Amino acid sequence: MTVGERVRRGPFREGEDILLISPKGEEHLVTLTAGKVFGTHKGNLPHDDLIGKEDGGRAWTAMGSEYRAFRPTYMQFIMNQKRHAQIIYPKDTGTILMWADVFPGATVIEAGIGWGALTIKLLEAVGPTGKVVSYEIREDFAESGAGTVRRYLGACENHEVKLRDIYLGIDEREVDRIVLDLPEPWQAVPHAREALAPGGIVLSYLPSTIQVKQLCDRYLEEGGFAEPETFEVILRPWHVKGSSVRPVQWMFSHSAFLVVTRKITATPAPEAR
């Protein structure tokens, strides 16, 4: 069983998630449990050999295969999870936090929670004085998303999961930020306008151009929002080794479009002088 909170420093502890990296660079997320072994085709590696070791150290299987052990970064933790729901990839997560301007103390609504990957970073961004409310219509996603958050951050009193359809309304008022990962976010536009504080930001994560067009049209029809910005994030890794300096042969290209806008308020024009 995992400790349920991030350990940042010191020797590895029982119950902690660690990352084992094979000689071929394969990554394995393991929860350290006394008496258990990590099985490989080159012999077992006892967890007891890892508990108490320093972050970044080496360990060997019974047949002498060497593994490197690290505390996983957020990206390694998310990408090595066994999951049944699509996640928002780390390359988009940072941009979402910046463009939605999620700040300490903020109240953030998200829908849906999915596998909980973005929820973790939203909770870290709002801090203990803020709050994140996750709307989700699927009970299995709500449970798995909340479980991922607990596994990474431990118990979070400022995280609430609501098993309900955000298309039918948002309970909260004076909300600072809304982040939508939904197939039809335009159905939530009037509710977002009611829920947001003046100047509040709503950001949507959308895979297709058809969805983007429909959402932007809805903002225009509904009124009460500034003209939305739309963009995507493309990440191109580079290979740098010896005299070989070139882009790698694959890249994180399109995952989704981000559509961002702000709530505006009706302000009477000044009378002519």
Side-chain angles (χ1 to χ4, degrees), residues 1-7 13-19 27-33 36 71-94 96-97 100 102 106-128 130-172 175-185 187-188 191-192 195 202-207 255-256:
M1 180 177 291
T2 180
V3 166
E5 60 181 320
R6 282 299 91 187
V7 180
R13 307 175 191 176
E14 184 180 3
E16 184 179 355
D17 291 322
I18 67 162
L19 194 73
E27 297 182 348
H28 305 272
L29 190 65
V30 174
T31 302
L32 291 177
T33 307
K36 285 191 68 175
R71 287 201 167 91
T73 64
Y74 164 80
M75 186 173 73
Q76 290 168 328
F77 175 81
I78 292 301
M79 299 307 291
N80 284 286
Q81 288 275 328
K82 293 179 179 177
R83 53 185 183 266
H84 57 74
Q86 186 68 24
I87 62 167
I88 292 178
Y89 287 99
K91 78 176 179 70
D92 295 316
T93 302
I96 289 171
L97 296 177
V102 180
T107 297
V108 178
I109 304 294
E110 71 158 350
I113 188 172
W115 200 241
L118 177 62
T119 315
I120 290 171
K121 283 300 173 188
L122 290 174
L123 281 162
E124 288 185 338
V126 302
K131 183 176 183 180
V132 175
V133 181
S134 304
Y135 282 68
E136 177 58 61
I137 59 171
R138 287 186 54 165
E139 189 171 358
D140 56 340
F141 284 6
E143 290 179 358
S144 63
T148 304
V149 171
R150 284 195 302 272
R151 182 176 179 183
Y152 192 82
L153 295 177
C156 295
E157 294 181 356
N158 59 342
H159 181 217
E160 181 181 1
V161 180
K162 292 189 173 183
L163 193 62
R164 58 169 299 180
D165 189 349
I166 202 169
Y167 295 161
L168 302 178
I170 298 174
D171 300 329
E172 294 74 17
V175 168
D176 297 298
R177 306 291 184 256
I178 297 176
V179 180
L180 303 174
D181 179 15
L182 302 168
E184 299 179 356
Q187 292 200 47
H191 310 311
V202 55
L203 182 148
S204 297
Y205 184 83
L206 293 166
S255 53

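None of these values were measured; they are calculated from a predicted model. Nothing fancy with the numbering, it's 1 onward along the sequence.
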To the nearest 0.5 Å, atom CD1 of Ile96 lies from atom CG of Leu203 at 5.5 Å
Closest heavy-atom pair, Ser144 versus Gly114, reported as atoms and distance to 0.1 Å, is OG-O, 3.9 Å
Is any side-chain heavy atom of Gln81 closer than 4.5 Å to one of Leu29?
yes
Minimal heavy-atom distance between Ser255 and Lys91, with the atoms involved, is OG-NZ, 2.9 Å
Practice task
State, yes or no, whether a side-chain contact exists between Val149 and Val161 at a heavy-atom distance under 4.5 Å.
Solution key: no
- Query: Do Glu110 and Tyr205 have side-chain heavy atoms sitting under 4.5 Å apart?
  - Reply: no
message: As a quick check of understanding, evaluate side-chain contact (heavy atoms from CB on, under 4.5 Å) for Ile113 and His159, giving each step before the final call.
response: CA-CA 11 Å; Ile113 188 172; His159 181 217; 4.0 Å; yes
In short, Met75 meets Pro90 closest at the heavy-atom pair CG-CG, 3.6 Å
OG1 of Thr73 to CG of Leu19, rounded to nearest 0.5 Å, is 8.0 Å
What one should report as the nearest heavy-atom pair of Ala195 and Ile170 is CB-CG2, 3.7 Å
Just so I know, are the side chains of Ile120 and Ile78 near enough to count as touching, which here means a heavy-atom distance under 4.5 Å? yes
d(Lys121 NZ, Thr93 OG1) to nearest 0.5 Å is 8.5 Å
What one should report as the nearest heavy-atom pair of Tyr167 and Ala188 is CD2-N, 4.2 Å
Exercise. Any side-chain heavy-atom pair from Glu16 and Arg71 closer than 4.5 angstrom?
Worked result: yes
Using atom types as modelled and distance alone, determine if a side-chain donor or acceptor of Asp176 lies under 3.5 Å from a backbone N or O of Val108.
no
Taking every heavy atom of Pro128 against every heavy atom of Asn158, the minimum-distance pair comes out as CA-ND2, 4.0 Å
Given the options Val175, Leu122, Asp171, Ile109 meets side chain to side chain contact (heavy atoms under 4.5 Å, CB included) only with Val175
Note to self: I want to check something: taking the side chain as every heavy atom from C-beta on, are His191 and Ile178 in contact at a cut-off of under 4.5 Å?
What the structure shows: no
Residue Lys36 excluded, over 12 heavy atoms near NZ under 6.0 Å
no
Specify whether Tyr152 and Phe77 have parallel, tilted or perpendicular ring planes, treating 30° as the upper limit for parallel and 60° as the lower limit for perpendicular.
tilted
Taken to the nearest 0.5 Å, the spacing of Arg138 CZ from Leu163 CG works out to 11.5 Å
Taken to the nearest 0.5 Å, the spacing of Thr107 OG1 from Arg177 CZ works out to 10.5 Å
Value for OH (Tyr74) from CE (Met79), rounded to nearest 0.5 Å, stands at 10.0 Å
Would you say that Arg151 contacts Thr31 through its side chain, given a criterion of any heavy-atom pair below 4.5 Å between the two side chains?
yes
